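Worksheet: one structure, shown below.
FYI, the numbering just counts along the sequence from 1. Values reported hereafter were calculated over all heavy atoms of this structure, with side chains retained and with hydrogens, waters and symmetry mates removed. Model, not experiment: these values are computed from the prediction.
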Amino acid sequence: MKTIIKLLIATILLSSCASSKIDKILKQGNVLQNDFKSTIPFKYVNGWIVLEVGIQNKTYNFLLDTGSSNLITKELYEELNFEVLGTEEIKAINSTINSTNYTKISNIKIGNIDFQQTIAGIVDLNKVVEIGCTKIDGFIGSNLMRKAIWDFDFKNQLITITNDEEKLNLPENTITSKIFIGTAGIPSISLKINGKKILNNVVDFGNAGTNLLRIDYFKKQLDKELIKKYVKGKQKAFGGFGRSENKPFYHTIIDEMKIGNHTVKNLFTSVQSGSGNNLGLAFFKNYRVILNWKNKKIKMIEITRAGNDSYKTYGFSILYKEKNVYVNSIIETSSASDFLKQGDKILSINDTNYSDITEQQYCDIWRSGTLKNTEPLNITVIRDGKEFTFDIIKKELLKKRRIANK
């Protein structure tokens with residue numbers, strides 16, 4: 001189940017018409033301590049980084065997202081009785097736009113470090129059920145993170161935050177690349193994908209997958225036959241402000257990606273309509289990663305080998321609406337495409353009832369990942385008033401290519 005929601009938490013960016021003004025506002029904030037180092041644990045919730053923060057002597061769960069500015073839920077805003085400072089238009093990765101209030105948080109404590117006077121948008125994050133299932137109170141974004149150096153140990157689920165990179169005891173040989181700082185401090189890097197330079201690839205820890213190519217770059221690589229095989233589907237994408245209309249998406253395997261002088265072969269990626277180029281946690285979890293906004297550098301120490309990917313799937317995803325669960329996306333050539341149709345109402349999957357369930361019951365199913373190793377998948381749906389039962393299997397739709405040494 002978790003494989004269908006890799007791109008659920010969408011990168012949230014301020015619209016270009018407001019970026020100059022809001023970028024100046026988002027640069028506000030500082031760290032109380034001049035000399036600091038703190039190591040804190042984090043947990044993975046459906047693939048995303050969630051950590052505890054302190055606000056007004058209470059502890060809250062925040063999702064860490066380098067591809068976003070700070071956000072808090074409307075519920076937390078009402079609880080803490082913050083003052084609204086202004087309103088700007090905010091645009092999510094699925095192209096939904098909303099006028100969004102923002103506020104200033106006088107102090108957020110992470111570990112023993114006090115981040116002061118940081119700006120946060122106020123968003124109804126629980127509007128999308130799946131985001132509500134994560135039970136978070138907000139996002140820690142790059143406008144706060146840029147005030148320090150962050151060292152991510154994904155294997156041991158530890159983050160070290162410091163003011164001085166020399167305190168991190170880094171090895172001499174690291175994979176190093178320049179980062180470019182955008183609105184809200186969001187970092188991006190240049191990559192070479194199949195030999196072609198691709199700019200503005202967001203270092204996106206709020207993306208549990210890898211969304212390496214914007215759709216126009218993807219089509220250019222298709223035209224030049226740099227990408228030879230892909231699979232296609234349609235889905236109602238969603239971000240911080242709700243779901244969009246049906247849009248196509250693609251999955252493919254990149255033959256070669258270069259970051260600095262580091263090369264990765266056979267890297268699986270998704271291509272989403274209306275989205276940018278985002279390098280997410282599915283890639284970065286193979287490394288220890290150090291983000292240094294002051295020096296504009298990302299450093300990586302390889303822990304496991306990235307790439308060498310294939311893609312095996314049932315071929316569908318689901319969405320929850322008004323106590324029922326429906327088929328959302330279907331991938332062409334998958335087992336699901338032989339049987340299911342978008343909009344089918346799901347009655348049951350294996351022995352689990354999906355009909356007339358509460359939001360909490362759906363969240364329990366969604367978080368459990370119980371379908372991950374089940375095959376075949378026995379699914380019963382209603383379509384046009386008729387009930388159908390199918391057995392669906394996982395199919396390997398994309399295989400890694402053998403690439404000759406150059």
Side-chain angles (χ1 to χ4, degrees), residues 1-10 45-48 94 96 124-135 208-209 231-239 241-251 270 272-273 311-397:
M1 183 76 75
K2 291 178 183 176
T3 59
I4 68 174
I5 44 82
K6 285 182 177 179
L7 299 175
L8 174 62
I9 293 294
V45 179
N46 295 314
W48 305 303
N94 67 351
T96 55
D124 189 4
L125 291 171
N126 294 311
K127 183 177 181 179
V128 176
V129 174
E130 291 87 347
I131 296 179
C133 289
T134 64
K135 298 190 181 302
V231 292
K232 180 181 178 182
K234 286 187 177 181
Q235 68 179 356
K236 292 185 178 181
F238 51 92
F241 308 121
R243 300 186 191 274
S244 65
E245 293 304 310
N246 252 344
K247 291 187 176 181
F249 67 92
Y250 306 85
H251 296 310
S270 296
Q272 307 285 322
S273 294
Y311 179 53
K312 189 174 183 180
T313 180
Y314 294 113
F316 74 102
S317 69
I318 61 177
L319 65 82
Y320 177 81
K321 184 179 179 181
E322 297 175 353
K323 293 190 175 183
N324 288 293
V325 179
Y326 298 88
V327 175
N328 183 16
S329 67
I330 297 178
I331 298 173
E332 295 173 2
T333 73
S334 68
S335 179
S337 69
D338 294 331
F339 303 104
L340 300 178
K341 291 187 176 181
Q342 202 175 33
D344 283 349
K345 184 167 78 172
I346 301 173
L347 298 181
S348 65
I349 298 179
N350 294 340
D351 297 324
T352 303
N353 174 49
Y354 278 67
S355 179
D356 193 29
I357 59 175
T358 65
E359 188 172 310
Q360 182 57 53
Q361 288 173 318
Y362 173 73
C363 286
D364 292 342
I365 294 168
W366 185 77
R367 286 195 301 262
S368 67
T370 53
L371 307 183
K372 187 174 182 180
N373 297 311
T374 303
E375 196 169 340
L377 201 67
N378 184 263
I379 181 169
T380 299
V381 301
I382 287 181
R383 182 189 308 152
D384 299 327
K386 296 181 181 179
E387 189 173 308
F388 301 91
T389 299
F390 307 109
D391 282 337
I392 296 175
I393 62 171
K394 280 187 174 181
K395 290 173 64 175
E396 188 174 53
L397 302 184

Discussion item. Rounded at 0.5 Å granularity, tell me how far OG in Ser317 sits from CD in Gln342.
Written reply: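 The OG atom of Ser317 sits 8.5 Å away from the CD atom of Gln342.
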
Discussion item. To the nearest 0.5 Å, what is the distance between CD1 on Ile318 and CG on Asn324?
Written reply: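 That separation rounds to 12.0 Å.
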
Discussion item. We want to know whether Asn378 and Asp391 form a side-chain donor-acceptor pair, criterion being a heavy-atom distance below 3.5 angstrom.
Written reply: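 Yes, Asp391 and Asn378 have a side-chain donor paired with an acceptor closer than 3.5 Å.
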
May I ask you to test the [X]-[Y] pair for a side-chain heavy-atom distance under 4.5 Å?
X: Ile379; Y: Asp344; value: no
X: Ile331; Y: Phe249; value: yes
X: Thr380; Y: Glu387; value: yes
X: Ile357; Y: Ile365; value: yes

Between [X] (side chain) and [Y] (backbone), is there a donor-acceptor pair under 3.5 Å?
X: Ser348; Y: Asp351; answer: no
X: Lys395; Y: Gly315; answer: no
X: Glu332; Y: Gly233; answer: no
X: Ser335; Y: Ile392; answer: no
X: Tyr320; Y: Glu359; answer: yes

Practice prompt. Walk me through it: do Val231 and Ser334 pass the test side-chain contact (heavy atoms from CB on, under 4.5 Å)?
Written response: CA-CA 9 Å; Val231 292; Ser334 68; over 6 Å; no

Discussion item. Apply side-chain contact (heavy atoms from CB on, under 4.5 Å) to residues Phe339 and Val381 and explain how you reach the verdict.
Written reply: CA-CA 10 Å; Phe339 303 104; Val381 301; over 6 Å; no

Worksheet item: What residues, two or more places apart in sequence or in another chain, satisfy side chain to side chain donor-acceptor pair (under 3.5 Å) together with Ser355?
Response: none

